[in-house]
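So that the names make sense, note that chain A is the first sequence line, chain B the second, and so on, each numbered from 1. Atom set for the values below is all heavy atoms of this structure, side chains included, hydrogens, waters and symmetry mates excluded.
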Amino acid sequence: MKQLTALQQQGRRSNSFRGASSPLDAGVDDSIRSPTTIFWLVLHGLCCLISLVLGFRFSRIVFFLLFSTASSPSTTTISGATSPPERNISGVGGGSRVVVGRHGILIRPWPHPDPAEVMKAHKIIERVQLEQRSQYGVKGPRTLIAVTPTYVRTFQTLHLTGLMHSLMNVPYDVIWVVVEAGGHTNETASLISKSGLRTIHIGFDTKMPVLWEDRHKLESKMRLHALRVVREKRLDGIVMFADDSNMHALELFDEIQKVKWVGAVSVGILAHSGGSEEGELPVIQRDDSKKDDKDPQLPVQGPACNSSNHLVGWHTFDSLLFLEKSARYIGDRAVVLPRKLEWAGFVLNSRLVWEDADKPGWVKEFEEVGRDGEDVESPLSFLNDASVVEPLGSCGRKVMLWWLRVEARADSKFPARWIIDPPLEITVPAKRTPWPDAPPELPSSVEKVISIQETTDKRASKSGSRRKRSSRSKRKHTAKVIDEHVSTRHSADN
Amino acid sequence: MRNRRWVFAVLLFLALCLRIEAFKFHRTQRTERISGSAGDVLEDDPVGRLKVFVYELPSKYNKKILQKDPRCLTHMFAAEIYMHRFLLSSAVRTLNPEEADWFYTPVYTTCDLTPNGLPLPFKSPRMMRSAIQLISSNWPYWNRTEGADHFFIVPHDFGACFHYQEEKAIERGILPLLQRATLVQTFGQRNHVCLKDGSITIPPYAPPQKMQAHLIPPSTPRSIFVYFRGLFYDVGNDPEGGYYARGARASVWENFKDNPLFDISTEHPTTYYEDMQRAVFCLCPLGWAPWSPRLVEAVIFGCIPVIIADDIVLPFADAIPWEEIGVFVAEKDVPKLDTILTSIPIEEILRKQRLLANPSMKQAMLFPQPAQPGDAFHQILNGLARKLPHDASVYLKPGEKALNWTAGPVGDLKPW
């Protein structure tokens, strides 16, 4: 087999070479024709013919052996095993060499990537990119101080992980100030410690309320508290308000490095309703033709500029556009609306909140703001004169930040730290689900009753599917009576 | 006490001066100048250092050929045409041949193109011969030196050997009539028949506007480690490999085709120039001839060229320190290419990138229209100026003949 293919290779090469030189020429490096070379060429041709006839490769070396050992005719053992010296297919110094043409193709014995080399290359690339950034990117980057109010709830892990990964990818120094409503908990602490960033975890001893309105107010208070910490510790850098459910593009972090004192960016508002059945946002249909041509636009909050790129006003959020009532409590199915101007759209130089620092005249003293417990709606309350705000992101035309509030109901359960321990072994079917049809307990209603009902009869749920549920569940008594039959079953029966 | 104060004042003054120097260094664009003879030579101005006389040849040698096939203006051998145009309007041109140091013959030998756009060299020797016969009979300057103070631009594959196949080119050798002239060519390989001593190696033509149009912001991070686009096996002429590129390109493919660091393929992406700007290293292996336009592209786009061509002579080698800018890999070391590239110390890589960022380096590789100071036209003239003054042996005594007008293959002697 091998010999036949070798023969075929020889034949094919003679046709394939561009131009006229014959394969025999290829074997000869110089064009000098000495008698011995001619002799060998003739012998080679003869061997080719013999091989063609015999069907296996007939090597020229055979002649050497024939003539050298004239007494012992032991030729049959050498059929094609040896090869002429210049066609050495065995390994040369541990490497392999595919012999084709005149030069051959050098292939190393293990032609696959070496992980150590790949790591070294990645380090080189990282260093090159660092150099590029220091040359062409932002000069003299300042530390980013990200202020995040958070609290323990079902979607906290989802939101904080997203924010954490965005902050981990920022190429500058980051100090992450996390203010937690309901006090300092291990749940949040373990989550943010995975980031590897410098974090300041502050507990704020008020539980997060269920109504959105109250939640916004508490968040403002928490942010003020964080600014107080910035002031006390004299942290130097750029303060940005990174809410845990917002989405940040990485260009945002490069853009806010340009701020001198106070800057504003445009925030895309993803006001969305909790119910997934509706396709579009319920927006008031306008009658003028302008609106019909365009698709419903994403509402954007941020600075408004005139043609010479000076700040002239603000695009704020107009709640009147929304038909249905907005969500009142966390987890409500209606549309969750932001306030007029969100904190997230502003960035501050941290020196503005310091005690004695060179501050421009138009900023109020930090202690004066929010002193009497009044609601600080946006950082504009820090300023005497709102026109000093610098519009960023090509004067607000570039949206690099999206506001989104997606939350589960306040009473929804989730396993602590998202570790299921002990492992689930009980599956409990329900006749029909108690919620989300039933509204949750609002601050007005008081009683909570914990009850466990067990019946031995098996009941399928309304939609025919089984719901896995732990055997203990919190129930609320509301005006509506909820009927539920819960039966415990062995996991083996499933 | 007084003395001390004086000393202190002087020291302060010196410190200020030195710091100002340091500031100046910092403020520059973090590119490095190759100091010393090599680097400064790039910025020499040839005007005033030499005079060139351009022969007026009938238009059948230049304009008519170009009219027949305007593709000659955009392929990689277009340097001969643009050099002619540059010289016609340049300050080094003189209309008085008596005071000229160099004589230029505008004959476009590389403009006979196949339908694919590749030049056929079969008529070029006859064309060149016919041009030389014309200038030797109409002007006395050729016979005075038998061409030793004349220069010709022969940008084709193997220069004045006038063939695209290496064996045939070596067989033919340099055209006998050009034995004494200075050749300006893209081909350069040491110890090769087709590279004459004293030739000037130039880069192949790459369209400057096209490359400018594809520039991306320099802050785009370089995320590709090694980049290459081109053939590994010349399927039409050498499908098995082993002849094309002396097996080096096939070796690159076989060893690194599944290596994530090597972005190599035979595709023709539209983002070729943009991708080069996102790469740290760009491979410039030999093909049928050792030179390639990839070198020019790599220098323009700041990608460190990895030159895999044994004994190659790179363009303007006496003005550009290629060893400091690029990485040279022997063809037998290709299987170890990843080890070689990752073991280069990072400071060296950063230094090479700084050298490449030098605008005079990029300018020296281009043939812009209209010509700009420091570009390839000027580097050619600088090279010619460096060869002045002509040695006395250049001038032949009357009646002395150095060239053999009947040498060469019989086919060359036919009139064109």
Side-chain angles (χ1 to χ4, degrees), chain A residues 9-10 12-13 15-21 23 25-26 28-31 92-139 171 250-251 254, chain B residues 29-30 164-165 167-168 170-171 217-226 233-234 236-262 280-281 288 331-336 338-339 341-347 349-350 353-354 357:
Chain A
Q9 267 188 354
Q10 276 181 339
R12 215 189 310 144
R13 208 177 298 118
N15 297 330
S16 63
F17 190 51
R18 163 169 96 146
S21 30
D25 274 353
V28 179
D29 284 345
D30 306 315
S31 46
V92 177
S96 67
R97 186 191 153 108
V98 174
V99 180
V100 276
R102 180 190 309 165
H103 302 279
I105 304 170
L106 291 167
I107 306 179
R108 64 190 192 196
W110 181 247
H112 297 294
D114 178 3
E117 307 289 347
V118 175
M119 275 318 295
K120 273 200 257 183
H122 279 296
K123 288 208 172 47
I124 293 177
I125 293 178
E126 244 181 78
R127 180 69 186 85
V128 165
Q129 288 184 359
L130 188 69
E131 187 70 22
Q132 273 187 286
R133 217 177 305 137
S134 70
Q135 261 197 292
Y136 302 109
V138 175
K139 303 269 186 287
L250 280 183
E251 288 106 22
D254 292 326
Chain B
Q29 185 49 28
R30 293 263 199 118
Y164 51 81
Q165 236 193 66
E167 276 95 18
K168 284 284 171 66
I170 295 175
E171 232 181 273
S219 55
T220 315
R222 288 190 186 262
S223 46
I224 303 175
F225 192 61
V226 177
Y233 292 93
D234 186 350
N237 300 304
D238 175 36
E240 280 172 357
Y243 288 100
Y244 180 55
R246 293 198 277 261
R249 286 197 185 196
S251 180
V252 168
W253 175 251
E254 298 299 338
N255 281 304
F256 301 112
K257 60 189 173 196
D258 59 354
N259 194 321
L261 301 173
F262 283 68
V280 178
F281 290 104
W288 287 110
E331 285 166 31
K332 63 173 172 48
D333 286 334
V334 166
K336 294 185 275 183
D338 59 347
T339 317
L341 291 179
T342 52
S343 57
I344 301 177
I346 184 67
E347 297 85 20
I349 294 179
L350 292 176
Q353 290 194 319
R354 279 198 295 271

As an exercise: rank [options] by heavy-atom pairs under 4.5 Å with chain A and give me the winner.
options                      : value
B/Ser219, B/Pro217, B/Ala248 : B/Ser219
B/Gly247, B/Ser343, B/Pro221 : B/Pro221
B/Lys257, B/Glu254, B/Glu171 : B/Glu254

Check: [Y] main-chain N/O paired with [X] side-chain donor or acceptor under 3.5 Å:
X        : Y        : result
B/Ser251 : A/Leu106 : yes
B/Arg246 : A/His103 : no
A/Gln132 : B/Arg222 : yes
B/Asn255 : A/Arg108 : yes

Leading residue by heavy atom contact count with chain B [cutoff under 4.5 Å; candidates A/Lys120, A/Glu117, A/His112]: A/Glu117
Below 4.5 Å from any heavy atom of chain A, which atoms of [X] appear? Answer side chain, backbone, both or neither.
X        : result
B/Lys332 : both
B/Glu331 : backbone
B/Phe281 : neither

Heavy-atom side-chain proximity of B/Asp258 to A/Pro113 below 4.5 angstrom: yes
Non-hydrogen atoms of B/Ile344 and A/Ile124 that approach each other most closely: O-CD1, 4.4 Å
Rounded distance [0.5 Å steps], CZ in A/Arg102 versus CD in B/Glu167: 4.5 Å
Euclidean distance, B/Ser223 OG relative to A/His122 NE2, rounded to 0.5 Å: 10.5 Å
